[in-house]
Amino acid sequence: MNVIRTVSGLRRAVADAKAKGATVGLVPTMGALHAGHVSLIDRARKECDFVVVSDFVNPTQFNNKEDLVTYPRTEAADCEKMEKAGVDVAFIPSVEEIYPEPDTRVFDLGPVAEVMEGAMRPGHFNGVAQIVSKLFAIVEPDKAYFGEKDFQQIAVIRRMVELEGFKLEIVDCPILREPDGLAMSSRNVRLDAVHRELAPAINRILRESIDFALTHSVEETERFVAGTINSTGDLETEYYQIVDSLTMQPVDPSARPCKGMVGCVTVYCGGVRLIDNIKY
């Protein structure tokens with residue numbers, strides 16, 4: 001595996017691969033890799049000849065400075081996992097390499113970025129669009145791979161691709177979970193033992209909502225999920241919203257949850273912010 005830290009070096013490596021006729025897959029990450037990331041790499045490895053994984057904690061997508069400071073950084077362990085997974089290039093740049101000048105671009109991301117995470121984390125999705133668009137421009141991949149845990153983010157990235165005219169396929173991959181159902185996340189390492197035991201209740205309650213939704217409305221199902229989570233130990237729901245799975249827009253609150261809808265939740269678990277979702 002080739003570890004590259006400069007944009008020019010990455011461009012050269014990708015150009016060499018493309019000159020040999022290779023198809024290129026990109027897996028953008030913020031490091032602290034876990035089995036969920038590895039599942040994205042495995043998918044890219046199966047579908048592409050040359051796989052690039054970026055390992056970069058992007059400051060422009062953090063609206064909370066403390067969250068940026070405490071975000072886990074595990075470069076040596078990440079490289080081990082990437083090498084084992086058969087990555088061709090690990091792109092691990094400095095902040096100065098990616099942002100030699102401040103990125104002042106503002107993307108017209110529209111309604112997909114205005115609800116849920118967009119409402120709770122002002123500027124977050126614009127920062128995501130900044131870094132992902134930079135990576136797409138540098139690598140010019142044939143395919144880019146993203147996990148469905150960040151369900152709304154995928155919709156935002158598709159919108160950015162449309163705005164910028166990138167020619168690539170966005171591949172969304174299923175959530176990978178721990179044996180107890182907790183969605184794999186780099187933030188899970190910040191949970192203490194008590195809250196790690198509590199956290200799987202989030203997915204359990206989401207799954208229970210599938211049966212509940214058979215005889216209840218969207219509004220009632222949203223209340224059921226948020227109320228049940230909030231009554232479970234030290235868990236606090238920031239939002240639970242059932243939306244259209246393509247547009248991320250709210251659906252008729254009096255309708256029954258059904259195919260084409262997804263429920264997205266954010267929960268504070270002992271101060272650690274966890275997200276998850278479920279398809280109806």
Side-chain angles (χ1 to χ4, degrees), residues 27-42 53 55-59 61-85 92 116-117 120-121 124 146-153 173-212 221-241 262-279:
V27 182
T29 83
M30 292 211 298
L33 301 189
H34 50 68
H37 295 110
V38 174
S39 73
L40 303 183
I41 296 168
D42 289 345
V53 177
D55 188 324
F56 177 68
V57 180
N58 175 43
Q61 70 190 68
F62 285 83
N63 61 321
N64 180 329
K65 287 183 181 177
E66 186 185 343
D67 198 18
L68 173 61
V69 170
T70 59
Y71 198 87
R73 292 161 172 82
T74 57
E75 183 182 312
D78 292 347
C79 285
E80 229 174 270
K81 290 184 177 79
M82 284 189 269
E83 186 143 29
K84 190 175 177 184
I92 311 179
M116 298 185 296
E117 289 298 280
M120 297 298 171
R121 302 176 69 186
H124 167 66
F146 297 89
E148 286 188 340
K149 181 176 70 69
D150 298 291
F151 199 89
Q152 186 179 6
Q153 177 177 277
C173 303
I175 299 172
L176 213 64
R177 298 185 179 278
E178 301 289 355
D180 58 13
L182 178 63
M184 290 187 178
S185 168
S186 302
R187 297 173 191 271
N188 292 351
V189 298
R190 293 171 52 195
L191 295 167
D192 61 28
V194 171
H195 292 97
R196 176 61 187 81
E197 200 169 316
L198 270 177
I202 300 167
N203 178 244
R204 189 187 72 243
I205 293 162
L206 289 179
R207 286 187 286 108
E208 287 171 2
S209 79
I210 294 288
D211 285 337
F212 184 90
T221 305
E222 289 175 339
R223 279 205 304 266
F224 166 78
V225 169
T228 310
I229 289 174
N230 291 343
S231 65
T232 305
D234 189 21
L235 299 181
E236 183 184 348
T237 308
E238 185 173 57
Y239 65 80
Y240 179 65
Q241 195 162 0
V262 62
C264 299
V265 73
T266 294
V267 179
Y268 280 95
C269 182
V272 180
R273 191 174 187 272
L274 303 176
I275 66 172
D276 205 342
N277 60 74
I278 195 158
K279 295 174 184 175

Quiz item: Between Leu33 and Thr74, is a side chain to side chain contact (heavy atoms under 4.5 Å, CB included) present by the stated rule, with each step listed?
Solution: CA-CA 8 Å; Leu33 301 189; Thr74 57; over 6 Å; no
Quiz prompt | Expected output: side-chain Thr237 to main-chain Tyr239 donor-acceptor under 3.5 Å | solution = no
Quiz item: Any donor and acceptor pair, going by atom type alone, linking the side chain of Asn277 with main-chain N or O of Gly263 inside 3.5 Å?
Solution: no
Quiz item: Under 4.5 Å between any side-chain heavy atoms of Leu176 and Val38, yes or no?
Solution: no
Quiz prompt | Smallest separation among heavy atoms of Met120 and Asn63, with atom names | solution = O-ND2, 3.9 Å
Quiz item: Does the distance from a Lys or Arg side-chain N to an Asp or Glu carboxylate O, for Glu238 and Arg121, drop under 4.0 Å?
Solution: no
Quiz item: Which atoms form the tightest heavy-atom contact between Ser186 and Ala32, and what is the distance?
Solution: OG-O, 3.0 Å
Quiz item: How many angstroms lie between atom CG of Asp211 and atom OG1 of Thr221, to the nearest 0.5 angstrom?
Solution: 11.0 Å
Practice problem: Over all heavy atoms of both residues, which pair between Pro174 and Glu148 is shortest? Give the atoms and the distance, please. | Solution: CA-OE1, 4.0 Å
Exercise. Report the distance from atom CD of Glu75 to atom CZ of Phe56, rounding to the nearest 0.5 Å.
Key: 12.5 Å
Quiz item: With side chains defined as the heavy atoms from C-beta onward, is the minimum distance between Gln152 and Cys264 less than 4.5 Å?
Solution: no
Quiz prompt | Point-to-point distance, once rounded to the nearest 0.5 Å, from CG of Asp192 to CD of Glu197 | solution = 10.5 Å
Quiz prompt | Test item: Met30 and Phe62 side chains (from C-beta on) under 4.5 Å apart, heavy atoms | solution = yes
Quiz prompt | Non-hydrogen side-chain atoms of Glu66 and Val69 separated by less than 4.5 Å | solution = no
Self-check item: Taking every non-hydrogen atom, the tightest pair across Ala201 and Leu235
Solution: CB-CD1, 4.1 Å
Self-check item: Nearest atoms (heavy-atom pairs only) where Cys79 meets Ile92
Solution: SG-CD1, 3.6 Å
Quiz prompt | Salt bridge Lys84-Glu80, side-chain N to carboxylate O under 4.0 Å | solution = no
Quiz item: Do Ile275 and Glu117 have side-chain heavy atoms sitting under 4.5 Å apart?
Solution: yes
Quiz item: Below 4.5 Å, heavy atoms only, C-beta onward: do Glu178 and Arg196 meet side chain to side chain?
Solution: yes
Quiz item: Which distance, rounded to the nearest 0.5 Å, do you find between the CG of Asp150 and the OG of Ser185?
Solution: 8.0 Å
Quiz item: Are the side chains of His37 and Asp55 in touch, meaning some heavy atoms are under 4.5 Å apart?
Solution: no
Practice problem: Keeping the roles fixed (side chain from Ser209, backbone from Val225), state whether a donor-acceptor pair exists under 3.5 Å. | Solution: no
Quiz item: Between Arg187 and Asp67, is there a side-chain N and carboxylate O pair less than 4.0 Å apart?
Solution: yes
Quiz item: Where do Asn203 and Asp180 land on the side chain to side chain contact (heavy atoms under 4.5 Å, CB included) test, with the steps shown first?
Solution: CA-CA 9 Å; Asn203 178 244; Asp180 58 13; over 6 Å; no
Practice problem: Just do the side chain to side chain contact (heavy atoms under 4.5 Å, CB included) check on Leu191 and Leu182 with the steps written out, would you? | Solution: CA-CA 12 Å; Leu191 295 167; Leu182 178 63; 4.3 Å; yes
Quiz item: Which pair of heavy atoms, one from Arg190 and one from Val272, lies closest together, and at what distance?
Solution: O-CG2, 3.7 Å
Practice problem: Going by the side chain to side chain contact (heavy atoms under 4.5 Å, CB included) test, name the single residue among Ile205, Thr266, Ile202 that passes it with Asp276. | Solution: Ile202
Quiz prompt | Leu206 side chain reached by Tyr240 side chain, heavy atoms, under 4.5 Å | solution = yes
